[in-house]
Chemist: 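Quick one: the structure is below, questions incoming.
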Amino acid sequence: MSLDLYGKYFWTRRKGDDVALSTGERLQFMDADSSRFRLGGRLAYKASDRVSPYVGAAFAKEFDGKARAKSDGVDLDAPSIKGNTGLGEIGLTFRPSVEWPLYFD
């Protein structure tokens, strides 16, 4: 059996854009940044040289994610994706040959 613990930090930026609607209004989307952290682990069992089932769980926290926009220069309400998320996984790693560095997950 093996236990893999990890922590990851993700920073994402989506570039803004200007859009003209068919009604003649202009929408301006500002750059959107996302900052989140994930902490988790995976427990794997080596059933054979080729097969290894696993289970895992993680906790993720979004610190500050907002999508800001303007319509004809007027600020629109900015939705926030701040919050916590739980993640779970179950899977199987298969190695067709011990000699090849090839894995299917």
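These figures come from a predicted structure and were not determined experimentally. FYI, side chains are in, hydrogens and waters are out, and symmetry mates aren't considered; it's all heavy atoms of this structure.
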Chemist: With sequence neighbours excluded, what pairs up with S22 under the side chain to side chain contact (heavy atoms under 4.5 Å, CB included) test?
Modeler: none
Chemist: Using the test side chain to side chain contact (heavy atoms under 4.5 Å, CB included), find all partners of E99 that sit at least two apart in sequence or belong to another chain.
Modeler: S97
Chemist: I90: which other cluster members, linking ILVMFWY side chains closer than 4.5 Å, directly or transitively?
Modeler: M1, L3, L5, L43, Y45, V55
Chemist: Tell me, please, which residues at least two apart from K70 pass side chain to side chain contact (heavy atoms under 4.5 Å, CB included).
Modeler: Q28, M30, D75
Chemist: Tell me which pairs pass salt bridge (Lys or Arg N to Asp or Glu O under 4.0 Å) where either residue lies in residues 77-98, with sequence neighbours left out.
Modeler: R42-E89
Chemist: Tell me, which pairs form a salt bridge (Lys or Arg N to Asp or Glu O under 4.0 Å) where one or both residues lie in residues 50-60, sequence neighbours left out?
Modeler: none
Chemist: Got a sec, which residues hit side chain to side chain donor-acceptor pair (under 3.5 Å) with D105, two or more places apart in sequence or on another chain?
Modeler: Y54, T93
Chemist: Could you name each residue pair satisfying salt bridge (Lys or Arg N to Asp or Glu O under 4.0 Å) that touches residues 51-60, not counting sequence neighbours?
Modeler: none
Chemist: Under the side chain to side chain contact (heavy atoms under 4.5 Å, CB included) rule, what do R26 and D18 come out as? Steps first, then yes or no, please.
Modeler: CA-CA 7 Å; R26 295 209 49 86; D18 290 331; 3.6 Å; yes
Chemist: Got a sec, which hydrophobics cluster with F94, joining ILVMFWY side chains under 4.5 Å apart, including via others?
Modeler: V51, L92, W100, L102, F104
Chemist: Distance-only check: which donor-acceptor pairs under 3.5 Å involve side-chain atoms of residues 6-14, not counting sequence neighbours?
Modeler:
residue: Y9; atom: OH; partner: S35; partner atom: OG; Å: 2.7
residue: R13; atom: NE; partner: D33; partner atom: OD1; Å: 2.8
residue: R13; atom: NH2; partner: D33; partner atom: OD1; Å: 3.4
residue: R13; atom: NH2; partner: D33; partner atom: OD2; Å: 2.9

Chemist: Apart from L87 itself, what residues make up its hydrophobic cluster, given side-chain heavy atom links below 4.5 Å?
Modeler: none
Chemist: Could you grab the distance from atom OG of S71 to atom CD of E25, nearest 0.5 Å is fine?
Modeler: 4.5 Å
Chemist: Who pairs with S34 by side chain to side chain donor-acceptor pair (under 3.5 Å), at least two apart in sequence or on another chain?
Modeler: E62
Chemist: Please report the interatomic distance CZ(R68) to CG(L76), rounded to the nearest 0.5 Å.
Modeler: 12.5 Å
